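Let me begin by presenting the structure, written as structure tokens, before commenting on it.
In this chain, numbering begins with 1 at the start of the sequence shown. The figures here come from the full heavy-atom set of this structure, side chains too, leaving out hydrogens, waters and symmetry mates. Not measured: the values here are computed from a predicted model.
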Amino acid sequence: MWSVAVVAAVAGCSGNKAAPAAPPPREIEVVSLAPHEVRDTGEYLGSLLSRQSVTVLPQVAGYVRRIHVRPGQQVEEGAPLVEVDAREETAALDSAQAQLSSSQVNLELARRTLTRTEALNKEGLASAQELESARAQVEAAEAASRASAAQVTQRQVQLQFNVMRAPFAGTVGDVLVRVGDFVSASTQLTSIAQADVLEVSVSVPSPRARAMKLDTALEILDAQGKVLLTSNVFFVAPQADPRTQLVEVKAAFRNTVGLRPSELVRARLVYSVRDALQIPALAEVRQSGQPFALVVREKEGKTVVERRPITLGAMGEMSYVVEKGLKAGDLVAVSFMQAGT
């Protein structure tokens, strides 16, 4: 931007009055137009979603005996969350283990009896029927031992259900129970959400969604419009919502700024990037709703200002995109006190 002196009023003014005396040259600020990068964007309200989130429910009924975590705590995969009274299951496990010990003793006795019977049978002191009976007793004892071992394993697995553990690393939500509460399989204990990687979901108008690509840039903004995070769209819904006619769009990003699942944020989609001419907002003047630009040019050896109709596109922070009416290299007045017409 620089200043030039002009000696003529804005071209295009008309009237039947006698032309006044030419004013003295006036210094004005002008800008030379050149193509710059222009982004076609849309700003929407986005909702943050955790890519991994689960509500923790108990797998057994009983009274809460111990709570191992507090709301907002970071836990690792497998960490204990809530413990339900397991005295009944522990007693059942002890009983199963005792039954296993008994079956193993019976099995050992049956094997010793079989060994003695086989020796007596060789000497002719035990009949073939006694030998077959001893073998049957060994097989029955082995089956009983296997059944007792399976019962122990079942009780051990059942006992593990009394301690609810984190299925993956994440942040603990609100703990909805207290020590002493009775819980069942439908009681919500707490929740675990992973906030390291989040998804942002926005709903865009159907016409906008038709031209979108899966690599469309999406920006997360703060309250002042500053870009916090940038990612690319990975999902565009194949159909629009029948009630709102909006199309859901999603992008995923690594959460490095402390955002939280279910938070609402400002999201900006960058639909396209192109080079276009722009003029400062202060350089645009209007008459009867028609935008004009004051173009500085040489005419008959003098520097004059000409009012030229233009077609404007989207408005940026401090400038308009010019679609028609100007070309690269034009000098446009930024500040000019227009004379009366």
Side-chain angles (χ1 to χ4, degrees), residues 1-15 19-20 22-45 202 204-205 207-208 211-212 216-230 265-341:
M1 184 180 295
W2 62 91
S3 300
V4 299
V6 297
V7 297
V10 178
C13 294
S14 61
R26 182 184 309 166
E27 190 175 87
I28 62 173
E29 294 180 348
V30 298
V31 61
S32 178
L33 299 186
H36 293 282
E37 183 180 277
V38 174
R39 305 195 310 168
D40 180 15
T41 63
E43 188 172 319
Y44 309 94
L45 185 65
V202 299
V204 303
R208 281 291 204 177
M212 284 190 61
T216 299
L218 186 147
E219 300 171 341
I220 304 297
L221 311 176
D222 63 10
Q224 289 73 39
K226 180 182 177 182
V227 177
L228 296 176
L229 297 165
T230 302
V265 295
R266 294 172 62 184
R268 181 166 61 201
L269 284 166
V270 183
Y271 292 107
S272 64
V273 179
R274 61 189 176 97
D275 288 336
L277 299 178
Q278 299 179 71
I279 63 170
L282 295 176
E284 182 254 352
V285 295
R286 289 182 180 269
Q287 183 175 356
S288 301
Q290 169 65 47
F292 291 87
L294 304 179
V295 180
V296 178
R297 67 185 185 89
E298 294 294 327
K299 182 179 180 181
E300 298 178 355
K302 298 180 181 179
T303 302
V304 298
V305 176
E306 176 183 81
R307 186 173 59 186
R308 186 179 299 175
I310 56 175
T311 301
L312 298 178
M315 182 179 182
E317 294 183 359
M318 296 294 293
S319 61
Y320 286 99
V321 175
V322 180
E323 301 292 351
K324 294 181 181 180
L326 297 174
K327 63 181 183 299
D330 282 344
L331 299 178
V332 175
V334 177
S335 61
F336 185 81
M337 298 299 295
Q338 183 177 354
T341 58

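- Screening Val332, Val30, Val304, Val31 for a side chain to side chain contact (heavy atoms under 4.5 Å, CB included) involving Val296 leaves a single residue, Val30.
- For Ala34 against Leu277, the heavy-atom pair with the smallest separation is C-CD2, 3.6 Å.
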Show, in sequence, the C-alpha distance, side-chain angles and deciding distance for Met212 and Leu269, and conclude whether the side chain to side chain contact (heavy atoms under 4.5 Å, CB included) test is met. CA-CA 10 Å; Met212 284 190 61; Leu269 284 166; 4.2 Å; yes

Val38 and His36: CA distance, side-chain angles, deciding distance, side chain to side chain contact (heavy atoms under 4.5 Å, CB included) verdict: CA-CA 6 Å; Val38 174; His36 293 282; 5.5 Å; no

How far apart are the C-alpha atoms of Arg308 and Asp330, what are their side-chain angles, what is the distance that settles it, and do they pass the side chain to side chain contact (heavy atoms under 4.5 Å, CB included) test? CA-CA 11 Å; Arg308 186 179 299 175; Asp330 282 344; 3.1 Å; yes

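- To the nearest 0.5 angstrom, Leu221 atom CG is 5.5 Å from Glu43 atom CD.
- A pairwise comparison of heavy atoms in Thr216 and Val270 identifies CG2-O, 3.2 Å as the closest pair.
- Although no hydrogens or angles enter the test, the distance criterion places a donor-acceptor pair under 3.5 Å between the side chain of Arg266 and the main chain of Asp222.
- Between Leu312 and Val322, the shortest heavy-atom distance links the atoms CD2-CG2, 4.3 Å.
- Across all non-hydrogen atoms, the minimal contact from Tyr320 to Gly313 is CD2-O, 4.3 Å.
- Side-chain N or O atoms of Gln278 include none that pairs as donor or acceptor with a backbone N or O of Leu33 at under 3.5 Å.
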Mind running side chain to side chain contact (heavy atoms under 4.5 Å, CB included) on Glu298 and Thr303 for me, showing each step along the way? CA-CA 5 Å; Glu298 294 294 327; Thr303 302; 2.7 Å; yes

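- Smallest separation of non-hydrogen atoms from Ala276 and Arg274: CB-NH1, 3.6 Å.
- Note on Arg286 versus Glu284: salt bridge recorded, some NZ/NE/NH1/NH2 to OD/OE distance being below 4.0 Å.
- In this structure, the separation between NZ on Lys299 and CD on Glu306 is 7.5 Å, given to the nearest 0.5 Å.
- Annotation: the span from Leu326 atom CG to Thr311 atom OG1 amounts to 9.5 Å, rounded to 0.5 Å.
- Annotation for Arg208 and Asp40: closest pair NH1-OD2, 2.9 Å, computed over non-hydrogen atoms.
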